[in-house]
Amino acid sequence: MQMKNASQQAMSDHKMMMHGGQMMQMGNLKQKFWWSFILALPILLLSPAMGFNLPVQFSFPGSDWLVVIFATILFWYGGEIFLRGAYAELKQKKPEMMTLISLGIVTAYLYSLYAFIQNNLLHSQMKVMDFFWELATLILIMLLGHWIEMTSVMKASSSVHDLAKLLPDKVHVQTINQIEEIKINDVQKQATIIVKPGESIPLDGIIISGSSTADESLVTGEARQITKQKGQRVIGGSINGSGTLTIKVTQTANSGFLASVNKLVQSSQADKSKLQTKADQVSGWLFYAALIIGLLALIVWTSFQGITNGLERMVTVLVIACPHALGLAIPLVNAKSTALGAKHGLLIRNHNAISLSSQINYLLLDKTGTLTQGMFQVRHYASLTNKLDSNQVLTIMASLEQDSTHPLAQSILHYAQSKKINLLPLTNSQNMTGAGVSGTIEQHTYQLVNEKAARKQVSNFPKLAADKDTISYLIQDSQLLGYIAVGDQIKASAFTLIKQIKERQITPVMLTGDNQKVADNIALQLGIDQVYAELLPQDKEKVVKKLQSAGNKVMMVGDGINDAPSLVKADIGVAIGTGTDVAVDSADVILVNSEPEAIISFLDLAQKTQTKTIQNLWWGAGYNIIALPLAAGILTPWGLVLPPAVGAILMSLSTVIVAINAEFLKI
Ligand SMILES: Nc1ncnc2c1ncn2[C@@H]1O[C@H](COP(=O)(O)OP(=O)(O)OP(=O)(O)O)[C@@H](O)[C@H]1O
Ligand SMILES: [Cu+]
Ligand SMILES: [Mg+2]
């Protein structure tokens with residue numbers, strides 16, 4: 001396959017990433033294991049196990065020589081991965097797992113070599129026991145263990161892989177007079193592409209002709225067919241229904257939705273949360289703990305039972321303490337959690353949001369575009385002057401909105417378009433934050449602003465009785481020329497959100513730039529008791545700060561430019577996916593499908609992720625509380641002695657458990 005997109009890159013990076021980020025090519029582990037197995041066979045047959053001859057074992061004059069030759073080859077060939085890893089760790093002055101393993105096998109090898117020289121070259125009276133059998137089994141099991149680990153780690157990150165499979169290799173691109181098949185990575189922005197019925201939509205874009213349905217469930221987690229028409233956005237990775245669509249590409253394969261999910265999943269492994277930093281510290285301590293306990297075991301057992309037993313205890317301690325699982329405990333959970341979130345319409349950019357989520361007791365919600373759809377219907381508009389008729393007023397108002405990205409502007413423009421109104425050229429257009437817009441049309445300067453701003457300028461402001469609709473006033477030189485009233489609809493899932501948030505003892509608060517009456521009306525319908533209206537961006541931020549200084553943990557959800565400062569300030573900032581880029585960039589979590597209900601999924605996911613993380617820390621490191629003393633021989637008086645190979649099995653098991661546990665994260 002030609003395509004090598006972000007996610008496949010992630011997979012191959014992953015192989016390199018094992019062992020705490022060291023560059024280690026573990027890809028040939030399987031091969032290495034089988035060759036080592038063959039090399040180990042003569043040793044396993046010819047060298048006594050733990051000082052005793054097993055029934056299958058035999059020896060003949062000179063067989064010791066065979067053992068030492070095979071063991072030496074095995075040590076360098078099979079042990080190479082570990083020795084190289086240790087060298088890299090020591091060079092970085094961060095001794096960790098590879099150093100531990102290497103210390104174990106180097107000790108076993110050197111001591112056995114010493115035993116061999118004593119027995120076969122110096123012919124010492126007392127036969128010195130060697131560790132060749134232990135060395136061979138240790139290397140074999142370490143290789144096998146790391147190979148199995150690799151497989152489970154790959155499995156755990158396969159959810160990421162699934163996302164990549166959603167994209168086709170080739171795209172039908174419409175060129176001047178023909179349709180060409182072009183590799184997905186070579187398709188540029190602005191290209192026109194054709195998606196036939198049933199095909200997967202390759203890239204993010206906007207429909208320029210055709211209509212169909214799309215199944216976006218694999219991307220957003222919403223299992224339903226969404227009707228898609230001219231002008232609507234499509235997401236790369238979703239499946240086209242029965243119509244043919246012509247799409248203008250808005251994002252390339254490297255910048256589109258799937259690519260950003262993949263990048264997130266990758267960076268979730270690189271991006272260190274506070275917990276991860278802690279885990280790294282622990283794994284550093286573990287090295288010294290293992291070294292000290294190992295040396296203690298060596299000294300104590302040597303004085304009781306001689307150097308062979310002492311060395312065996314030390315090797316077992318070193319091997320069992322290998323904090324391999326610890327290095328994977330958090331990244332694996334995070335990767336799984338990010339992938340799972342993506343399937344539920346959540347992009348988690350900052351993993352600290354997960355550990356903070358359980359402390360959240362205030363949910364601040366922006367109104368327009370967050371709780372409501374932000375697709376305003378024009379209810380009525382009128383002229384308040386005899387110089388202009390209502391159509392002229394509408395023309396000026398729509399023309400003023402041409403450069404604005406506010407949802408209200410989009411809606412007014414849309415309405416004007418449907419009434420076939422020709423817009424007038426606009427100059428000097430200015431965005432008046434939290435109030436409206438101003439600009440010059442045909443040498444006259446106009447403002448289209450909310451009531452608060454209008455009252456300040458117009459002396460005899462009329463009384464207008466409308467509480468449900470948002471009204472904007474057209475003003476020229478302190479003269480009221482007309483108004484337009486628009487109404488918005490509450491998103492269905494906003495009701496579910498507020499209900500469930502309250503069940504979780506989290507207080508919902510509405511923060512809006514819109515006027516008090518409209519805000520109260522919506523809050524009442526939704527069941528929100530605390531409402532702050534007519535806020536400027538800095539006022540929204542102040543509310544966040546005030547709540548925080550009273551000791552609360554605050555989550556803020558918003559979509560607009562006016563929400564960006566408070567999204568940054570809040571403990572967890574959540575942006576609506578269709579929101580403005582500033583909001584999206586300021587957030588820790590992004591709701592891809594723009595449904596506020598996904599916040600509940602986030603809270604669920606965060607809680608489960610947190611539990612898994614803690615479990616994994618125990619399986620990855622906590623088990624040493626029992627394993628280390630066991631390896632050191634604390635239960636020897638009761639007959640329980642762990643051979644080094646069993647130590648290696650236990651340490652590998654811990655990693656496999658950590659990987660499987662992460663894989664079982666579900667919401
Ligand atoms: N482009 C615009 N055209 C007309 N009126 C506008 C425009 N931008 C803002 N306004 C007026 O200013 C008010 C405040 O706008 P702001 O963007 O601060 O908040 P909002 O989008 O209404 O609400 P929220 O904060 O809940 O998203 C709007 O309710 C509207 O009356
Ligand atoms: Cu390990
Ligand atoms: Mg808004």
Side-chain angles (χ1 to χ4, degrees), residues 364-376 378-379 381 393-394 396-416 426 429-439 446-456 464 466-475 481-491 494 508-523 526 528 530-544 556-567 574-576 578-580 582-583 594 596:
L364 310 189
L365 298 140
D366 163 68
K367 181 182 70 70
T368 314
T370 299
L371 290 171
T372 66
Q373 285 171 342
M375 287 186 277
F376 294 88
V378 174
R379 304 259 204 247
Y381 58 94
V393 166
L394 180 64
I396 297 174
M397 291 192 292
S399 305
L400 276 173
E401 296 287 23
Q402 284 175 92
D403 295 340
S404 172
T405 53
H406 198 276
L408 224 148
Q410 301 299 320
S411 311
I412 294 177
L413 281 168
H414 204 77
Y415 181 76
L426 169 72
S429 90
Q430 295 278 322
N431 178 44
M432 303 164 64
T433 313
V437 285
S438 69
Y446 298 99
Q447 288 186 6
L448 185 63
V449 291
N450 61 4
E451 188 176 326
K452 201 173 166 186
R455 272 185 192 283
K456 281 186 195 150
L464 285 153
D467 52 0
K468 283 208 290 292
D469 298 336
T470 300
I471 305 179
S472 301
Y473 298 90
L474 181 64
I475 297 174
L481 299 184
Y483 71 92
I484 184 164
V486 296
D488 204 357
Q489 258 175 352
I490 301 180
K491 290 180 186 171
V509 179
M510 185 195 284
L511 302 184
T512 180
D514 206 346
N515 76 61
Q516 190 77 48
K517 282 184 216 154
V518 178
D520 285 342
N521 179 292
I522 302 240
L526 283 168
I528 300 176
Q530 295 190 37
V531 183
Y532 295 82
E534 295 167 34
L535 300 180
L536 295 175
Q538 53 277 32
D539 302 328
K540 290 196 179 192
E541 195 191 352
K542 266 185 218 146
V543 178
V544 176
M556 162 83 194
V557 196
D559 71 324
I561 306 174
N562 60 346
D563 301 313
S566 25
L567 288 178
V574 182
I576 296 290
T578 48
T580 49
V582 215
S594 304

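Whatever order the structure lists them in is the order used to number ligands and atoms, beginning at 1.
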Test: Lys540 and Asp366 ion pair at under 4.0 Å = yes
Just wondering, do [Y] and [X] contact through their side chains at under 4.5 Å, heavy atoms?
| X | Y | value |
| --- | --- | --- |
| Asp469 | Val486 | no |
| Thr368 | Phe376 | yes |
| Met432 | Gln447 | yes |

Could you tell me whether ligand 1 has any atom less than 4.0 Å away from a heavy atom of [X]?
| X | value |
| --- | --- |
| Gly369 | no |
| Ser472 | yes |
| Glu534 | no |

To check you understand the geometry: which heavy-atom pair defines the closest contact between [X] and [Y], and what is its length?
| X | Y | value |
| --- | --- | --- |
| Leu365 | Pro508 | CD1-CB, 4.2 Å |
| Ala523 | Val531 | CB-CG2, 3.3 Å |
| Pro596 | Ser594 | CD-O, 3.4 Å |

Would one find an N or O of [X], backbone or side chain, under 3.5 Å from an N or O of ligand 1?
| X | answer |
| --- | --- |
| Thr368 | yes |
| Asp559 | no |
| Asn515 | no |
| Ala435 | yes |

Enumerate the atoms of ligand 1 whose separation from the nearest heavy atom of [X] is less than 4.0 angstrom.
| X | answer |
| --- | --- |
| Ser404 | 1 (N) |
| Val437 | 1 (N) |
| Lys367 | 26 (O) |
| Thr470 | 29 (O), 31 (O) |
| Lys540 | 24 (P), 25 (O) |

Candidates Ala453, Gly374, Gly436; heavy atom nearest atom 6 (C) of ligand 1 found on Gly436
Who are the salt bridge (charged side-chain N to carboxylate O under 4.0 Å, His left out) partners of Lys456, not counting sequence neighbours?
-> none
Roughly how far apart are Leu535 CG and Met510 CE, rounded to 0.5 Å?
-> 11.0 Å
Would you mind telling me if ligand 1 is within reach of the side chain of Pro407, the backbone, both or neither, using heavy atoms under 4.0 Å?
-> neither
Side chain, backbone, both or neither: the part of Asp514 lying under 4.0 Å from ligand 1 by heavy atom | both
Residue set satisfying side-chain contact (heavy atoms from CB on, under 4.5 Å) with Gln538, at least two apart, ordered chain then number -> Leu536
